[in-house]
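Since the structure comes first, as structure tokens, the remarks are kept for the end.
Along the sequence shown, the residues carry numbers beginning at 1.
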Amino acid sequence: LIVFAAALALRMLHLAALQSSWDGTHLFSLARGDAAHHWHEALDILEHDLWLRDRVFWKGPGYSYFLAGLMQLFGRSPGALRWPLAVLGAVNCGALVLLARKALSLRWSVLAGLLAASNGVLILFDGELFFPTLLASINLSALWLLGRPGAGLPAHVGAGCLLGLAALVHPGYVVPA
């Protein structure tokens, strides 16, 4: 819980600083680069056709559909979408501690979580409309399923489904055998 709180505080401070800087309101409300592409795809999903059958996605469609769902809940502004993504990034840091406890002592698990919580690149990515935050959540969930004591066939099937979902978020995730 301490790691989650620290991660959340750092991510909220980052977003607040970005939003309140002299040009931050402008920068905060814009999606740039890859983020703009995902944002426009999510808008297309909401405004045109939920399934976009005739559309070729730039990357996997999973992240665009995820953003479309967030847009339904929090609004269509890129600035409004940054906050729940930052919360998800903080949840990932807390989940990392829980997952690391399966293999490491409490001290090392908390250290791993604090390193993730304070990592500048992760803080930046968690506050942008980039797919790695969602991909990390999916991967942590799959690893948690596989790491449960006595994880049987249902856990393996669930982890496989999550990894399939990860491939929909970013097709580069699929590694040919």
Side-chain angles (χ1 to χ4, degrees), residues 1-8 10-11 34-35 37-39 41-42 45-46 50-53 55-74 81-177:
L1 192 56
I2 291 170
V3 170
F4 167 74
L8 185 62
L10 289 171
R11 282 148 180 77
D34 290 1
H37 197 84
H38 292 301
W39 182 69
E41 283 183 342
I45 290 167
L46 291 178
L50 178 64
W51 299 112
L52 299 176
R53 288 179 275 280
R55 173 84 182 250
V56 175
F57 284 86
W58 173 56
K59 293 193 178 180
Y63 190 66
S64 298
Y65 279 97
F66 173 74
L67 278 184
L70 288 181
M71 286 178 174
Q72 287 286 74
L73 294 172
F74 300 103
L81 298 175
R82 294 177 194 277
W83 299 99
L85 288 170
V87 171
L88 182 60
V91 168
N92 287 345
C93 295
L96 178 61
V97 173
L98 297 176
L99 189 59
R101 279 296 291 137
K102 296 182 181 303
L104 304 172
S105 69
L106 178 61
R107 178 189 324 174
W108 290 109
S109 299
V110 169
L111 179 62
L114 288 173
L115 287 172
S118 62
N119 183 290
V121 174
L122 292 179
I123 292 170
L124 173 70
F125 272 39
D126 291 347
E128 291 289 337
L129 308 184
F130 294 148
F131 67 86
T133 303
L134 177 61
L135 201 57
S137 297
I138 294 168
N139 290 334
L140 287 166
S141 299
L143 288 171
W144 179 81
L145 279 175
L146 292 174
R148 290 182 13 220
L153 182 61
H156 288 89
V157 169
C161 290
L162 285 169
L163 295 176
L165 183 62
L168 288 174
V169 170
H170 192 280
Y173 194 75
V174 177
V175 178

Measure the shortest side-chain to side-chain distance between [X] and [Y] over non-hydrogen atoms and say whether it is less than 4.5 angstrom.
| X | Y | answer |
| --- | --- | --- |
| Val169 | Phe66 | no |
| Leu162 | Leu145 | yes |
| Arg11 | Leu85 | no |
| Lys102 | Trp144 | yes |
| Val91 | Ser137 | no |

I need the minimum non-hydrogen distance between [X] and [Y], along with the two atoms involved.
| X | Y | answer |
| --- | --- | --- |
| Val3 | Ala117 | O-CB, 4.2 Å |
| Pro84 | Leu70 | CB-CD2, 4.4 Å |
| Ala142 | Ala159 | O-CB, 3.8 Å |
| Thr133 | Asn92 | O-ND2, 3.1 Å |

I need the [X] [atom1] to [Y] [atom2] distance, nearest 0.5 Å.
| X | Y | atom1 | atom2 | value |
| --- | --- | --- | --- | --- |
| Leu129 | Ser64 | CG | OG | 10.5 Å |
| Leu122 | Leu10 | CG | CG | 11.5 Å |
| Leu143 | Leu96 | CG | CG | 10.0 Å |
| Leu67 | Leu134 | CG | CG | 8.5 Å |
| Ser109 | Leu114 | OG | CG | 11.0 Å |
| Leu165 | Tyr65 | CG | OH | 13.0 Å |

Main chain of [Y], side chain of [X]: is a donor-acceptor contact present, judged purely on distance under 3.5 Å?
| X | Y | value |
| --- | --- | --- |
| Asn139 | Leu135 | yes |
| Arg107 | Val110 | no |
| Tyr63 | Phe130 | yes |

If you apply the rule side-chain contact (heavy atoms from CB on, under 4.5 Å), what do you find for Trp39 with Met71, and how did you get there?
CA-CA 9 Å; Trp39 182 69; Met71 286 178 174; 3.0 Å; yes
Please check if atom CD1 in Ile2 has more than 12 non-hydrogen atoms from other residues, nucleotides or ligands closer than 6.0 Å.
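No, because the 6.0 Å sphere around CD1 of Ile2 holds 12 heavy atoms or fewer from other groups.
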Count the heavy atoms of every other residue, nucleotide or ligand shown that sit under 6.0 Å from CG of Leu73, and state whether that count exceeds 12.
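Yes.
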